[in-house]
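Below: one structure, written as structure tokens.
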Protein chains: 2
Amino acid sequence: MRIGELSRLSGVTVPTIKYYLREGLLPSGERTSPNQAQYGEVHLQRLKLVRAMLDVGKLSVTAAREVLAAIDSPGSALHGVLGVAQSAITPRVAASDDDNWKAAEDLVTGLVAEKGWHVKPTNPAWQAVIQIMATSRDLGQDDLAALLGDYADAAERLAAAELAAIGRRSDVDSQVESAVLGTVLGDPLMAAVRQLAREDASYRSMVGEA
Amino acid sequence: MRIGELSRLSGVTVPTIKYYLREGLLPSGERTSPNQAQYGEVHLQRLKLVRAMLDVGKLSVTAAREVLAAIDSPGSALHGVLGVAQSAITPRVAASDDDNWKAAEDLVTGLVAEKGWHVKPTNPAWQAVIQIMATSRDLGQDDLAALLGDYADAAERLAAAELAAIGRRSDVDSQVESAVLGTVLGDPLMAAVRQLAREDASYRSMVGEA
DNA sequence: CACGAATAGATAGTGCAGCTATCGATATCA
DNA sequence: TGATATCGATAGCTGCACTATCTATTCGTG
């Protein structure tokens, strides 16, 4: 198919598709002449994936490019791709050195030790958790600290369930794509489901109090 | 204190503080003359809260303003404020009407019914979940659908724990602030903790396979 | 009480991200 | 054969979150 049909089928405008081509989010089609190219099912799928990452996953174009590169890298072993995908979607946060930060650091280190998690110190999520705990403490709200264990339990269970689901897929390529999608779509899904659960919990407590 | 000290104590530049004043994220100080105002502890706390919402919670200025308005509204009952805060942080997503969307809609409706959740159909999180399920289906990945129940369980447990923590606070104002912070900081926290858990799970499965 | 630094409020400008518009040289198709 | 589509390049647009500058005050220290 030509770019126009790709646009129709995907709902993405032609200029935007061109933009994605320039940005390396989409491989160029097969050349049939200097200014004609053919696109196939692969391109349509990839385009949908790109839109999912940008729209639903809220990734930046740069982060999406990194994730795609990881997916496409030749010897894409599951563990490695996951690491790259996770790095790409975690915003980097600079460490601080005030007391609050140090206390938060200890808190998180303690959690990981307690859970027996095997996590490399280079994982940017580490700093992200610390930042959030330090912020909550700075705001005089140590409630989050008390809940950290609950968050960890929930995360642990989910990770296990996800990995089990991925393991049920046969070929490695499919596993990789599934894992990446779980990583990219998982966060917004959790956020949205949490809101439903919270509304219910809040409702229950209100009724219970009455 | 004057605006300069507020800036020093908070680490936010004076022009940015002025911007927040203009945008209604920060109440103006007490006038002492036409071009002088005094700020207090309240302003410092509010400023920290604003930075937390923007930096850590990734809220837009508009969303932050809505959340603050809800906090400040006179008869701010917990349930109501939570609803507003949640609405403010959930990106609106337009419904579609293709088959994928309808299937996803049924899936989510089924989940909520099964869990017995009491959720208003106006909750934007509803559409958000549907969009994600429809997207995942469109990409040929129904793994997420299989995991939806696990997400819901995790969300339910967390919501209960959070509400219990909030209930332990004495005054209503403190409860409201705690709840809002849990809502705003909870999502990024969950996302980051999930990444730690995933790295551990991924590592375990790799070692187990060896 | 003089004078340099700070402040309020207003208006305009900056930088970045993610597109969008236009153009000229081809290519396709009714 | 002429209307429409495509390619690649370059420039422009929009929204957001600031940031800079300016004027008329006011503070605060010598």
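By convention in this document, chain letters (A, B, ...) are assigned in the order of the sequence lines, proteins followed by strands, and residues within each chain are numbered from 1.
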Ion pair present between [X] and [Y], side-chain N to carboxylate O less than 4.0 angstrom?
{"X": "B:Asp97", "Y": "B:Lys102", "value": "no"}
{"X": "A:Asp72", "Y": "A:Arg46", "value": "yes"}
{"X": "B:Asp187", "Y": "A:Arg194", "value": "yes"}

Intra- and inter-strand pairing of DNA chain D, written as dot-bracket with Watson-Crick and G-U pairs under 3.5 Å and | for the latter, reads ||||||||||||||||||||||||||||||

Distance in angstrom units between [X] [atom1] and [N] [atom2], rounded:
{"X": "A:Leu47", "N": "C:dC19", "atom1": "CG", "atom2": "P", "result": "11 Å"}
{"X": "A:Arg8", "N": "D:dT4", "atom1": "CZ", "atom2": "P", "result": "17 Å"}
{"X": "A:Glu30", "N": "D:dT6", "atom1": "CD", "atom2": "P", "result": "17 Å"}
{"X": "B:Asp55", "N": "D:dC16", "atom1": "CG", "atom2": "C1'", "result": "15 Å"}

Could you verify whether a donor N or O on one side chain and an acceptor N or O on the other, from [X] and [Y], lie under 3.5 Å apart?
{"X": "A:Gln36", "Y": "A:Arg31", "answer": "no"}
{"X": "B:Tyr151", "Y": "B:Glu156", "answer": "no"}
{"X": "A:Ser202", "Y": "A:Ser205", "answer": "no"}
{"X": "A:Gln86", "Y": "A:Thr183", "answer": "no"}

ask   = Side-chain N or O of B:Thr32 less than 4.0 angstrom from OP1 or OP2 on D:dT26?
value = no

With a cut-off of less than 4.0 Å, is there a side-chain N or O of A:Thr16 near OP1 or OP2 of C:dT20? yes

Given protein heavy atoms under 4.0 Å, the one-letter contact record of nucleotides 13-18 of chain C, with B base, S sugar-phosphate only and - none, is simply -----B

pair A:Arg137-A:Leu144: side-chain heavy atoms closer than 4.5 Å:
no

query: Is there a donor-acceptor contact under 3.5 Å from the side chain of B:Gln175 to the main chain of B:Arg169?
result: yes

**Prompt:** Okay, side chain of A:Ser96, backbone of A:Trp101: is any donor-acceptor separation there less than 3.5 Å?
**Reply:** no

Any protein N or O atoms within reach of nucleotides 7-11 of chain D? Criterion: under 3.5 Å, listing atom names and distances.
unit_1, atom_1, unit_2, atom_2, d
D:dC7, OP1, A:Ala37, N, 3.3
D:dC7, OP1, A:Tyr39, OH, 3.4
D:dC7, O4', A:Asn35, O, 3.4
D:dG8, OP1, A:Arg31, NH1, 2.7
D:dG8, OP1, A:Arg31, NH2, 2.9
D:dG8, OP2, A:Arg31, NH2, 3.3

- B:Asp99 CG: over 12 foreign heavy atoms closer than 6.0 Å: no

